[in-house]
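Shown next, in structure tokens, is the structure this report addresses.
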Protein chains: 2
Amino acid sequence: MDMKLKEQASAITELTFDLLRCCEAKEKMFAKDHGLKVAEFRCLRIVEAGKSYSVQELATSMHLSPSRLTRIIDGLFAEKLVDRVQSIEDRRFAKISLTNKGQTLVGKLKEEYADLHGEMLKDISVDDRDKIYQGISLMQGLVSTWLVRNA
Amino acid sequence: MDMKLKEQASAITELTFDLLRCCEAKEKMFAKDHGLKVAEFRCLRIVEAGKSYSVQELATSMHLSPSRLTRIIDGLFAEKLVDRVQSIEDRRFAKISLTNKGQTLVGKLKEEYADLHGEMLKDISVDDRDKIYQGISLMQGLVSTWLVRNA
DNA sequence: CCTTTTCTTTGCTAAAAGCAAAAATAGTGA
DNA sequence: TCACTATTTTTGCTTTTAGCAAAGAAAAGG
């Protein structure tokens, strides 16, 4: 009865584990090729041009501690990729946003990172790409809600 | 024409990125709950009972440097989870294998880690689980071969 | 034998990350 | 008002993760 679940769970566990290792290696390569630390790349990748973020927001969406984020932002600030201003409404909050230089870089990063994936995906069928999308989408949703419940 | 590819690549890039962060958080929680460092958990997860591995083999399959592996194995050895003996045929090689204690632990780890995924997967249909499997399987293959070509 | 190659370890350094305490600010109840 | 509490971020410190380059040890070939 639950045998099927157990089997599928095992198989998915294994695959996800391998995928994770590969994707980490991939991220590391990409960041290095662009003169960024992995943490910086990961951070830049989630900030959108024009929006501003608190340290906490960034920490939460990156699954890291606020103190860790302060350090990552320090680095980006030093490279003039982000601005950091105190919020006027509540001066405890920082407002982190991309500088012009940051926007340009992030635009390029997103484009090139998508191109890299395009390169990987170009030789398979549209259908298979859709299977990848659906599968990962489902999985991402599950892991995400599991985390909320269990963290 | 290639518009479809570009779109799909972007979407998959984004999703994979999010999935990665979540799975890393998940691994970290799991390792911590079992009194292991993340690197130790990752290493234990790939060694099978009865088999023996060289440092290099482990390094390659974990996408890490041999020197890093030496240190991880040091830790596991200190906890008496693995044995490390010199190969008799070629004494440059180390032969890393699980101790009894290690086998017991790894058995438990694998079971519980699969259970954790079973927990996540239990409320969706067999069909959706299969979609996850297929999607991740395809993606893992692509990233893996991309890495071989580009590393 | 001597040189070269291969596998692992060691010493050192950098990057990644968290914890606990401090600092700054906001909010609140007496 | 003012003392106390809560929130947000930063700082100091430590741990974990990771790689590089050199050293050590063993094999392989000339």
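Chain A is the first sequence line, chain B the second, and so forth, proteins listed ahead of strands; every chain is numbered from 1. Just so you know, these numbers use all the heavy atoms, side chains as well, and skip hydrogens, waters and symmetry mates.
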(message) Restricting to non-hydrogen atoms, name the atom on B:Cys23 and the atom on A:Thr16 that form the minimum distance, rounded to 0.1 Å.
(response) SG-CG2, 3.7 Å

Can you tell whether the side chains of [X] and [Y] come within less than 4.0 Å, N to carboxylate O?
X	Y	answer
A:Arg21	A:Glu24	yes
B:Asp2	A:Lys122	no
B:Arg45	A:Glu14	yes
B:Lys32	B:Glu27	no

(request) Supply the atom-to-atom distance B:Asp127 CG to B:Ile132 CD1, rounded to the nearest 0.5 angstrom. (result) 11.0 Å

(message) Hydrophobic clustering (ILVMFWY, side-chain heavy atoms < 4.5 Å, transitive) - are A:Leu116 and A:Leu121 grouped together?
(response) yes

Find the distance [X]:[atom1] to [N]:[atom2] and express it as a whole number of Å.
X	N	atom1	atom2	result
A:Leu64	C:dA15	CG	C1'	13 Å
B:Glu89	C:dC7	CD	C1'	14 Å
B:Tyr53	C:dT8	OH	P	15 Å
B:Phe93	D:dG24	CZ	C1'	16 Å
A:Arg91	C:dA23	CZ	P	18 Å
A:Lys28	C:dA14	NZ	P	16 Å
B:Glu24	D:dT17	CD	P	12 Å
A:Asp90	C:dG27	CG	C1'	10 Å

Distance criterion of 3.5 Å, no angle test: do you see the side chain of [X] paired donor-to-acceptor with the base of [N]?
X	N	answer
A:Ser65	C:dC19	no
B:Arg92	C:dT6	yes
A:Ser67	C:dC19	yes

(message) Please give me every residue in residues 68-88 of chain A whose heavy atoms get under 4.0 Å of an atom in DNA chain D, ordered by residue number.
(response) A:Thr70, A:Arg71, A:Arg84

(message) Can you tell me if B:Lys80 has over 12 outside heavy atoms packed within less than 6.0 Å of its NZ?
(response) no

(message) Can you see if the side chain of B:Gln56 gets near the phosphate of C:dT8 - specifically, an N or O under 4.0 Å from OP1 or OP2?
(response) yes

(message) Do A:Leu109 and A:Phe30 have side chains that approach each other closer than 4.5 Å (heavy atoms only, starting at C-beta)?
(response) yes

(request) Please list, by residue number, the residues of residues 33-41 of chain A whose heavy atoms come closer than 4.0 Å to an atom of DNA chain C; answer none if no residue qualifies. (result) A:Lys37, A:Val38, A:Ala39

